[in-house]
Colleague: 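Handing you this structure, nothing more for now.
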Amino acid sequence: MDKDKKMYVLGMFPYPSGDGLHVGHVRIYTAVDVMARYFRMKSFDPSTRSTRSGLLQARVLAPMGWDAFGLPAENAAIKNKTIPQEIVPKNYNNFREQMKALSFSFDWEREFATTDPTYYGLTQWIFLELYKKGLVYREQVPINWCPKCKTGLANEEVLPDGTHERCGTATGKKDLPQWVMKITKYADRLLSDLDMDLGEDFDKGLSFDSPQLAQDSQATRSLDWPRGILEMQRNWIGKKEGVRLFHKVEGMDLQLDAFSAYPIWCFADTFMVIAPEHPLVKELVKGSEYESSVTKFIEESAQITAEQRTEEKFEKKGVFTGRYTNDPFNPGSRLPVWVANFAVMGFGTGIIRCSAHDPRDYEFAQKYNIQLKEVVERIDPLVPVNAHTNEGVLKDSGPFTGSKISSQTIEEVKEWIEDQKIGRRETTYHLRDWVFSRQRYWGEPIPLVHCKTCGVQALPEKDLPLELPDLKSYEPTDTGESPLSRVTEWVKTTCPKCGEEARRETDTMPNWAGSCWYHLAFAFWKNANRQDGEKSTHDVLEVYRKSQSDTPYTDFWREVARPAIDKYLPVDWYLGGAEHAVLHLLYARFWNKVLYDLGHLSFTEPYLRLRSVGMVLAPDGRKMSKSWGNVINPDDVVKQYGSDPVRLYEMFMGPWDQVTAWDSRALVGMRRFLERVQKAYEDSPLDQETSPLLLQKLAKLVAHIERGIVEQKFNTCIAGCMEFVNEWKNGSLVLSREHMGNFAQIMCPFAPKTAQKLWEIAGHDSSSKVEALGWPQIEVKEGEIGLPVVYAVQINGKLRAVVEVASEVARDKEQVLKQVRASQTVAKWLVGEPKRTIFVAGKLVNFVLV
RNA sequence: GCCGAGGUGGCGGAAUGGCAGACGCACGAGACUUAAAAUCUCGCGGUAGCAAUACCGUGCGGGUUCGAUCCCCGCCCUCGGCACCA
């Protein structure tokens, strides 16, 4: 094996809740373990066979850790009247034991929790790197607020009807200063890199000459992610190139800017709409006869929750402001300005130019009798053409009258707009900046200090990690501030710049922070459980912290972390749930790009191949949920059936990427199969020659499993194994000792315990490990075995017979046709000479009579 | 409305242009057993037939092809995600 090659297989690390591992987790991590075990065997180098640790030299990384900060643990601790520091380790220790019980062969000496100060010190260091790069800023951002509990709430604590999930009070919003990350600065790259050629980053993991991986090197080496998830990322970023258009309000010194993504249709616009929450609305009507009606409308709109607003039946409503603007597209015309609830702040400018060519605008204009104009002849006489089609020939459109709409004329219009100085090109994004503050206890403290004279100061690297103080009471405060703000002795500090008294930032980081870079940490992480006597990451970092350097973390990153990261990253296979399709993946990609720009990483995309698992439903076909009482606990089934049958069942139950309902009865089939194989091994003498048919099947099975594993078609791999055993035992066929060993080897990724037992029954002693000699290679040359080839014979495309042809002539068309025609059944159907004969070598003959 | 994934026996599913229903579950019959469980053997899409066999059959309608579960066009349904996005 090429020493520069590696394989990094990663399952999205779990949030260790008190309920323990879920069968959905088991489905993901069994797949990760199957792949990891396969790649380890595959990476075995026969030339190092004599060295004791040929396997250990292979650079296959399959780590596991715990995403342990965040709201659920904090709320669970509050509920149980304890502290997160106590329940979190309890939870992840339980997760680890459950995983070990399932024989997951993860690199346990690399395990960590994001709540470990050694880990979150590095998270804080990365935060400061982003901060120093100017990607973190402070802004007033509204949070969800429960006026009764006097507490800030996460979105998930607010029910769809806008009430607080715990007390039922209607929630509101409260403005708080928050730290925000400028992810929008990276919007373009986050979008275009989805299609970028990743070059050699992609090649590093190609050493295992597996079927699909071999294909990759020939295809474009852009991200190999499910199409749907790529699409969701694109939509979430939501890049729109358009124009910002300027309008003067008649009789006022006021400009209204509107964004348009379809500028070529602007000649049709006949009115404008402004969002009720737009800051200029009040100014527009101040002191006019419209003031009261508009104010009333604003108040009404404010009471409607965002949820209600997005309901389908939601009625488009508005009121006239009494104001008009000029229309730069139709000089001399004026556009009435309405306030309407279908305009929202936060997209575009909050002000829209409206026309008959937008169904929503059209509906609104019809309702309020606003004059309309159309610039493209209708196709359907009942409705105006929709601008989104961007098709048609313009009429009544100033200098563009008579132009056919095309990408070229759209460009011309944009140019014309800029020439006329009535607007300018602008790109908008759906993506917003990322609110990074949480007014919560259980998260990484944000390592900033507020000084009266020096303003906000970053904590020096030497002071990291900034540890979370142990608190007995950590419930949210009634001002909405973080619970940390109450801990006077912790908050009180000195300014790193001037040394005067200063206050620590009391907000903590969101749950996402730890998961933004954990895949990097696994590359260099060493925990204290190591057997090999090497220093743990904690100890190494301590040495740096106690050194003279002012930048111990930067030094550590450069000297320790970076070389290991370069060795293993990017992640070759990333397996997890589709629920992270947008946020986690986007945030992690964002941090990766920033770290790349800072020179801390050598690659721009963290996850090369992404696969999402299908949900496991309860036996009743519904989602598993405590409230339905239909949750299957993996502990119970492992106890009842054993770990190998559970692993096998999770892989066998259906296509890995599709939803399937759990069926405990089907599980017994897995145990039966494993017992049957073991019996078959015990009954087989070890001194036989393998039957030719079986040898051929075994060779095919090995190839099938290799392809199946990299394509995540685990279900058919297992079916293939079952089929093989059925062939073996139902016929009077025999397997040699060597081939019995081979079958044990290919079973190993799926059912490692059973595979080891089979290996031993096949004559190896227990000090020999089934995975230790690599992946079996069985070569059968075509024709060597001399088995007859089965031809399907069709008449007019309809199957009429099946004919065996001796292997020596099985590829010779003339000979095959002769033999096929000799069959009685074929002769019966073959009336007259065929007009055409289709011959597919080794497979099929089709006589076409008509 | 848009985007995505699906629709095949009683059930989970297999077959990605070439023998539809592999493999497993459930079910039925038989063997073993005093009996049951377990295990083993056989059967198991529908219709007709004692049978050989024939016809029908992969959500619906059309098309391409010697040949379509698979590719193309138009619909229907289920699940997941997003949405007054200007």
Side-chain angles (χ1 to χ4, degrees), chain A residues 226-232 234-236 238 240 242 245 258-263 265-266 269 272-273 275 309-312 314-316 340-344 346-355 358-361 363-364 387-388 428-430 578-579 581-582 612 614-615 617 619 621 623 648-649 652-655 657-670 672-673 675-676 679 713 715-726 729-730 790-802 825 834-840 842-850:
Chain A
R227 277 166 46 110
I229 290 184
L230 287 173
E231 207 46 40
M232 283 163 81
R234 288 192 193 103
N235 291 341
W236 190 263
K240 278 236 163 90
L245 300 161
F259 177 79
S260 172
Y262 302 90
W265 298 81
C266 282
D269 296 338
M272 291 184 84
V273 155
R309 261 189 157 199
T310 54
E311 265 175 37
E312 233 167 278
F314 192 73
E315 201 188 348
K316 291 166 188 46
N341 57 10
F342 66 88
V344 284
F347 190 84
T349 61
I351 302 170
I352 324 171
R353 285 173 62 98
C354 300
S355 80
D358 180 306
R360 185 192 50 200
D361 301 348
E363 184 193 327
F364 187 80
H388 290 60
T428 63
Y429 297 89
H430 172 263
E579 67 272 21
V582 178
S612 43
M615 210 190 332
L617 301 175
K623 279 190 183 179
L648 226 48
Y649 176 64
F652 182 76
M653 62 193 300
D657 57 355
Q658 268 165 242
V659 282
T660 316
W662 184 272
D663 180 2
S664 294
R665 287 179 310 188
L667 228 161
V668 305
M670 303 302 110
R672 271 183 214 153
F673 165 63
E675 284 168 357
R676 209 161 59 234
K679 181 94 184 341
K713 290 185 174 174
N715 52 336
T716 65
C717 292
I718 293 163
C721 291
M722 292 171 166
E723 214 172 326
F724 179 79
V725 173
N726 291 346
K729 293 325 280 182
N730 295 351
V790 178
Y791 270 86
V793 184
Q794 299 182 337
I795 311 292
N796 292 330
K798 217 169 166 89
L799 181 81
R800 292 304 179 189
V802 167
T825 335
K835 288 208 171 103
R836 218 178 135 184
T837 304
I838 312 283
F839 175 78
V840 182
K843 272 189 178 166
L844 162 141
V845 175
N846 184 11
F847 295 110
V848 186
L849 297 177
V850 281

Colleague: Return the 5'-most residue of the pair Val848(A), Leu667(A) with respect to RNA chain B, ranking by each residue's nearest nucleotide.
Modeller: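 Comparing both residues, the 5'-ward one is Leu667(A).
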Colleague: Which nucleotide, if any, forms a Watson-Crick or G-U wobble pair with rA68(B), using both distances under 3.5 Å?
Modeller: none
Colleague: Which one is paired to rC2(B), where only Watson-Crick or G-U wobble pairs with both distances under 3.5 angstrom count?
Modeller: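 With both distances under 3.5 Å, rC2(B) matches rG81(B).
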Colleague: Please check the phosphate of rA86(B) (OP1 and OP2 only) for any side-chain N or O of Lys240(A) closer than 4.0 Å.
Modeller: yes
Colleague: With respect to the side chain of Val790(A), which nucleotide from rG67(B), rA86(B), rC19(B) is positioned closest?
Modeller: rC19(B)
Colleague: What nucleotide among rG13(B), rG18(B), rC66(B) has an atom nearest to a side-chain atom of Leu844(A)?
Modeller: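 That would be rG18(B).
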Colleague: Under 4.0 Å: is that the gap between some side-chain N or O of Lys798(A) and OP1 or OP2 of rC56(B)?
Modeller: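 It does, given that an N or O in the side chain of Lys798(A) lies less than 4.0 Å from OP1 or OP2 of rC56(B).
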Colleague: Where the side chain of Thr716(A) is concerned, which of rC25(B), rC19(B), rA15(B) is the nearest nucleotide?
Modeller: rA15(B)
Colleague: If you check the Arg800(A) side chain, which of rC66(B), rC19(B), rC55(B) turns out closest?
Modeller: rC55(B)
Colleague: Report yes if at least one side-chain N or O of Arg353(A) is closer than 4.0 Å to OP1 or OP2 of rA86(B); otherwise report no.
Modeller: no
Colleague: rA86(B), OP1 or OP2 - any side-chain N/O from Tyr262(A) closer than 4.0 Å?
Modeller: yes
Colleague: Classify the nucleic acid contact of Gln794(A) as base, sugar-phosphate or nothing, counting any heavy atom under 4.0 Å across all strands shown.
Modeller: base
Colleague: At 4.0 Å (heavy atoms only), tell me whether Ala719(A) reaches a base, stays on the sugar-phosphate, or touches nothing.
Modeller: base
Colleague: Treating Asp358(A) as the side-chain partner and Asp361(A) as the backbone partner, does any N or O pair qualify as donor plus acceptor under 3.5 Å?
Modeller: yes
Colleague: Tell me which nucleotide among rA5(B), rG81(B), rC66(B) gets nearest to the side chain of Ile838(A).
Modeller: rC66(B)
Colleague: Using a heavy-atom cut-off of under 4.0 Å over every strand shown, decide if Asn726(A) touches base, sugar-phosphate, or nothing.
Modeller: sugar-phosphate
Colleague: Side-chain N or O of Asn730(A) versus OP1/OP2 of rC40(B): is the shortest distance under 4.0 Å?
Modeller: no
Colleague: Report the nucleotide, chosen from rC19(B), rC66(B), rA86(B), that has the shortest atom-to-atom distance to any side-chain atom of Ala343(A).
Modeller: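 Out of rC19(B), rC66(B), rA86(B), the nucleotide with an atom closest to Ala343(A)'s side chain is rA86(B).
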Colleague: In whole angstrom, give the distance that lies between atom CH2 of Trp236(A) and atom P of rC82(B).
Modeller: 7 Å
Colleague: Could you tell me the separation between the NZ atom of Lys713(A) and the C1' atom of rG13(B), rounded to a whole number of Å?
Modeller: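 Those two atoms, NZ and C1', are 13 Å apart.
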Colleague: Nearest of rC85(B), rA26(B), rA20(B) to any side-chain atom of Arg665(A)?
Modeller: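 The answer is rA26(B), which lies nearest to the side chain.
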Colleague: So what does Pro834(A) touch, heavy atoms closer than 4.0 Å: a base, only the sugar-phosphate, or nothing?
Modeller: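 If one applies the 4.0 Å heavy-atom cut-off, Pro834(A) turns out to touch nothing in the nucleic acid.
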Colleague: Nearest to the side chain of Pro655(A), which nucleotide is it out of rA86(B), rC23(B), rA14(B)?
Modeller: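 From the listed options, rA14(B) comes nearest.
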Colleague: Can you tell me how far P of rA15(B) sits from CD of Glu723(A), to the nearest Å?
Modeller: 11 Å
Colleague: Checking the side chain of Asn846(A) only, and the main-chain atoms of Gly797(A) only, is there a donor and an acceptor separated by less than 3.5 Å?
Modeller: yes
Colleague: Using a 90° cut-off around 0 for syn, call rG9(B) syn or anti.
Modeller: syn
Colleague: Round to a whole Å and report the spacing from CG of Asn341(A) to C1' of rC85(B).
Modeller: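 Checked: the CG to C1' distance equals 15 Å.
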Colleague: Is the ring pair Tyr262(A)/His388(A) parallel, tilted or perpendicular, if the boundaries are 30 and 60 degrees?
Modeller: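 Because their plane-to-plane angle lies in the 30° to 60° range, the rings of Tyr262(A) and His388(A) count as tilted.
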Colleague: Within the 4.0 Å heavy-atom criterion, would you say Arg234(A) contacts the bases, only the backbone, or no part of the nucleic acid?
Modeller: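 If one applies the 4.0 Å heavy-atom cut-off, Arg234(A) turns out to touch nothing in the nucleic acid.
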Colleague: Within the pair Arg672(A) and rU39(B), is there a side-chain N or O less than 4.0 Å away from OP1 or OP2?
Modeller: yes
Colleague: Starting at atom CG of Asn235(A), determine the distance to atom P of rG1(B), rounded to an integer number of angstrom.
Modeller: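 The distance from CG of Asn235(A) to P of rG1(B) comes to 18 Å, rounded to the nearest Å.
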Colleague: Using a 4.0 Å heavy-atom cut-off across all strands, classify Val273(A) as base, sugar-phosphate, or nothing.
Modeller: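 Nothing, no heavy atom under 4.0 Å.
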Colleague: Considering non-hydrogen atoms only, spot the tightest contact between Leu849(A) and Asn796(A) and give its length.
Modeller: N-OD1, 2.8 Å
Colleague: May I have the distance from Leu617(A) (atom CG) to rC79(B) (atom P), rounded to whole angstrom?
Modeller: 12 Å
Colleague: Checking all strands, does Met615(A) fall into the base, sugar-phosphate, or nothing category for heavy-atom contacts under 4.0 angstrom?
Modeller: nothing
Colleague: For the side chain of Phe652(A), starting at C-beta, report the closest nucleotide among rC25(B), rG24(B), rG67(B).
Modeller: rG24(B)
Colleague: Quick check: on RNA chain B, is the nucleotide nearest Gly797(A) upstream (toward 5') of the one nearest Lys843(A), or the reverse? Name the residue that is more 5'.
Modeller: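 Result of the comparison: Lys843(A).
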Colleague: Identify which nucleotide among rA26(B), rA86(B), rG13(B) has an atom closest to any side-chain atom of Thr660(A), counting heavy atoms from C-beta outward.
Modeller: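 Shortest atom-to-atom distance from the side chain points to rG13(B).
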Colleague: With a 4.0 Å cutoff (strictly under), does any side-chain N or O of Asn715(A) reach OP1 or OP2 of rA14(B)?
Modeller: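 The answer is yes; a side-chain N or O of Asn715(A) sits under 4.0 Å from OP1 or OP2.
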Colleague: Calculate the interatomic distance between Arg227(A) atom CZ and rG6(B) atom C1'; express it in whole Å.
Modeller: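 Answer to the nearest Å: 14 Å.
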Colleague: Please determine whether a side-chain nitrogen or oxygen atom of Arg676(A) lies at a distance below 4.0 Å from atom OP1 or OP2 of rG24(B).
Modeller: yes
